[in-house]
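Here is how names work: the chains are called A, B, and so on, in the same order as the sequence lines, proteins then strands, and each is numbered from 1. What's counted below: heavy atoms across the whole structure, side chains too, no hydrogens, waters or symmetry copies.
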Protein chains: 2
Amino acid sequence: MPDLSASARPVVTRKDVARLAGVSTAVVSYVVNGGPKNVAPATQEKVRQAITALGYRPNVTARALKMGSSRILGMVVPKISSPFFASLAQAVEQAAEQEGYAMLLGDSRDSLTVERRHLSNFADRQVDGVFLCSVVNHRPEVSELDGRGIRTVLLNFSEYPLEVDAIGPEFVGSSRRAVEHLASHGHRDIALVQGFVTGNTLDGREFGWREALKGMGASEGRIFRCSFDRAGGYDAGRRFLALTERPTAVFITSDEQAVGFLRALHEAGLRVPEDVAVMSFDGSEESEFSWPPLSTVRQPVQQMAEAGVRAIIGTGRDEPPRTQVFDCELVLRRSCGCDEP
Amino acid sequence: MPDLSASARPVVTRKDVARLAGVSTAVVSYVVNGGPKNVAPATQEKVRQAITALGYRPNVTARALKMGSSRILGMVVPKISSPFFASLAQAVEQAAEQEGYAMLLGDSRDSLTVERRHLSNFADRQVDGVFLCSVVNHRPEVSELDGRGIRTVLLNFSEYPLEVDAIGPEFVGSSRRAVEHLASHGHRDIALVQGFVTGNTLDGREFGWREALKGMGASEGRIFRCSFDRAGGYDAGRRFLALTERPTAVFITSDEQAVGFLRALHEAGLRVPEDVAVMSFDGSEESEFSWPPLSTVRQPVQQMAEAGVRAIIGTGRDEPPRTQVFDCELVLRRSCGCDEP
DNA sequence: CGTTTTTGTTGACTCGAGTAGATGCCGCTG
DNA sequence: CAGCGGCATCTACTCGAGTCAACAAAAACG
């Protein structure tokens with residue numbers, strides 16, 4: 001039987017290192033941090049050796065207490081199993097890690113109550129900043145964080161408020177271009193599948209779609225409103241199919257919804273893009289492997305995440321909040337009629 | 001112009017509360033924690049009022065330092081944008097939150113180096129436990145955590161080591177049942193699409209598939225090895241299509257791979273399940289909305305997560321590690337031949 | 001050689017909360 | 001009324017690391 005009595009956990013502290021190296025604890029700190037004061041090279045060497053000999057690792061919690069900074073960022077998403085938020089979380093985590101920050105993840109499960117709980121929880125934990133993908137489109141939530149001096153960045157908002165940092169895609173223009181592309185395949189009757197948006201403002205995607213229709217002098221298009229997930233898209237698809245005179249193309253506000261919509265179409269035996277052309281929004285990996293592969297508007301997730309991290313850790317407490325809008329790329333695959341085999 | 005000079009951050013501490021309530025700081029602690037000593041009801045009331053009046057929130061970092069526990073759990077996944085790991089992360093986060101814990105997420109991006117970095121980072125941050133979905137199938141990584149007294153739970157391992165807590169699905173039996181189900185539709189030639197597994201042991205899914213074939217007295221089946229993602233499945237699909245004599249059914253080791261495999265089949269104009277029947281593993285949401293909807297083996301993600309949290313926070317440091325294996329449910333949809341419209 | 005400057009090191013205080021041990025107060029009992 | 005027990009409260013130390021003021025020793029300067 002192997003000796004597993006490891007539990008004798010000999011927590012090594014700065015003091016132990018100091019003792020072994022024959023110096024004071026202050027010097028140890030100076031060495032570890034390249035600290036505010038110089039240390040003679042010979043002493044540095046002694047300390048370094050003591051550190052490796054004992055396997056000392058500084059206690060991050062103590063540091064956090066003293067410095068008032070945990071080097072932790074929080075991220076709140078409505079649903080991590082949504083591929084778009086997952087890729088966003090991935091990108092944020094990566095950008096944060098590069099700067100030496102860790103990321104707390106909070107999944108709101110589409111509930112405002114849970115979202116609030118996460119936010120207040122993160123605040124209590126003294127995170128240095130929060131990325132918020134809210135389930136709603138206003139920001140009373142942010143005030144609490146703001147009051148506690150926690151920098152917050154709104155992600156994926158369809159309207160850009162000025163009182164707080166916000167980062168998101170250029171919804172209107174890229175949506176317009178996407179719809180215009182459908183038109184370039186000869187479609188005149190282009191419907192919109194639009195996720196529910198709270199608040200009284202128009203979603204940028206809807207606005208872009210309207211602009212495009214107006215621009216091509218088309219009649220007013222149909223709108224199918226549904227939840228922002230696969231089931232919502234499926235449901236919208238069923239309603240679409242029930243129509244007697246169906247639009248020939250659809251612009252859908254997320255890849256996830258598009259996948260659900262496609263399933264409804266397939267069930268009914270309709271072909272994409274021959275019977276109905278489809279264009280969606282987000283550009284998640286899922287869009288590439290659906291059938292047919294989805295033409296979509298790809299958000300520059302990586303860049304947005306990096307900008308967000310910079311906004312949080314590289315910004316003074318007194319600088320005014322900024323809104324940063326990112327251009328998207330039209331990814332043309334089969335579902336719109338391009339790229340035929 | 002509104003006065004946004006909020007930055008005067010009046011961090012309220014226990015001391016302020018004590019002063020306002022006219023008591024000592026100890027009493028404040030006792031009230032906040034239902035602390036180890038009693039406090040007279042009248043005094044409690046005074047303290048409570050002072051707390052709300054000042055908007056006091058205890059500093060979690062300080063508490064963590066004193067108590068040696070951060071009330072944070074870490075979770076490391078190979079890729080959060082994989083729908084299965086996303087749902088796992090969601091479940092873990094929810095279970096953790098219910099117990100008052102927050103969850104740090106680390107995405108390894110399929111790299112062992114990054115995984116190690118996360119693990120050591122989490123250890124430095126004094127997390128109370130770690131959920132590890134490793135990119136490899138052995139566990140040298142765990143020793144460091146173990147040495148620092150951090151309880152670790154291995155998730156989604158295809159082999160169950162005894163030296164450390166492990167939680168996972170019952171791979172062998174459920175895979176066998178899945179393959180037997182394909183056989184019950186009349187298939188005799190059933191291939192396997194198997195994700196790459198490091199280590200010298202057989203993946204439980206592969207073992208179950210072999211068992212099923214043996215049980216039905218079938219000839220040895222074909223294996224297509226590929227990476228554990230959509231692209232891998234697509235690639236396997238292309239190789240499958242290149243065969244002159246194709247198996248009539250396929251068992252695929254994850255939903256993600258299955259989605260890629262389906263795309264390859266569609267491209268070639270093959271029908272599922274008529275030309276090729278498909279059965280996959282995991283039971284993520286994605287499987288429900290692919291075309292055709294995937295028959296799959298659903299892992300009880302919620303239960304596994306809850307068991308994991310219990311294993312971490314409800315287990316003494318000296319109790320021996322346990323392996324917990326969970327039964328899976330066969331979800332029959334269209335891709336295997338069931339549920340025809 | 002005496003004085004200033006520089007450099008290296010240290011002791012001691014700080015962050016904010018948990019809690020053991022000491023202290024004081026009340027009422028009850030003998 | 002002394003003595004005791006029980007309760008409420010406070011004082012003071014602790015967790016581990018950051019850093020400043022103070023000091024000592026060495027270097028630079030006149």
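Closest to the Asn33(B) side chain, of the nucleotides dA20(C), dG18(C), dA17(C), is dG18(C). When distances run from any side-chain atom of Tyr30(A) to the nucleotides dC20(D), dT19(C), dT9(D), the shortest one goes to dC20(D). The side chain of Val27(B) sits closest to dT9(D) out of dT9(D), dA17(C), dT10(C). With dT19(D), dG18(C), dG16(D) as the candidates, the nucleotide lying closest to the side chain of Ala26(A) is dT19(D). With dT9(C), dC15(D), dA17(D) as the candidates, the nucleotide lying closest to the side chain of Lys66(B) is dC15(D). In this structure, of dT9(D), dA17(C), dA17(D), it is dA17(C) that holds the atom nearest to the side chain of Ser29(B).
Rounded to whole Å, atom P of dC10(D) lies 15 Å from atom NZ of Lys15(B). Taking atom CG of Asn38(A) as the reference point, atom P of dA27(D) lies 16 Å away to the nearest angstrom. Gln44(B) places its CD atom 14 Å from the C1' atom of dC7(D), with the value rounded to the nearest Å. In this entry the distance linking NZ of Lys46(B) with C1' of dA8(D) reads 11 Å, nearest Å. Rounding to whole angstrom units, CZ of residue Arg63(A) and C1' of dT14(C) are separated by 16 Å. As a whole-Å value, the separation of Arg19(B) CZ from dA17(C) P is 13 Å.
Positionally, the nearest nucleotide of DNA chain C for Met67(A) lies more toward the 5' end than for the other of Met67(B) and Met67(A). Between Lys37(A) and Val28(A), the one whose closest nucleotide on DNA chain D sits nearer the 5' end is Val28(A). Heavy-atom distances to DNA chain D give each of Thr25(B) and Leu65(A) a nearest nucleotide, and the one nearer the 5′ end belongs to Thr25(B).
A side-chain contact (heavy atoms from CB on, under 4.5 Å) with Val47(A) is found for exactly one of Val31(A), Leu20(A), Thr52(A), namely Val31(A). A side-chain contact (heavy atoms from CB on, under 4.5 Å) with Val28(A) holds for exactly one of Asp16(A), Asn33(A), Val17(A); it is Val17(A).
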Decide yes or no on side-chain contact (heavy atoms from CB on, under 4.5 Å) for Arg310(A) and Gln324(A), but give the supporting numbers first.
CA-CA 12 Å; Arg310(A) 246 173 302 151; Gln324(A) 296 180 68; 5.8 Å; no

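Between the side chain of Arg57(B) and the base of dG16(C) there is no donor-acceptor pair of N/O atoms closer than 3.5 Å.
Using modelled atom types, one side-chain atom of Ser70(A) and one backbone atom of Gln126(A) make a donor-acceptor pair closer than 3.5 Å.
Residue Asn59(B) has no polar side-chain atom (N or O) positioned under 4.0 Å from OP1 or OP2 of dA17(C). Between Arg14(B) and dG16(C), a side-chain N or O to OP1/OP2 separation shorter than 4.0 Å is absent.
There is a side-chain donor-acceptor pair under 3.5 Å between Arg125(A) and Asn121(A).
If you check every strand for non-hydrogen atoms under 4.0 Å, Val23(B) touches sugar and phosphate atoms only. Among the heavy atoms of the strands, none lies under 4.0 Å from Val32(B). No contact: Thr61(A) has no heavy atom under 4.0 Å from any strand.
When side chains are defined from C-beta on, Val76(B) counts as touching Phe122(B), because their heavy atoms get closer than 4.5 Å.
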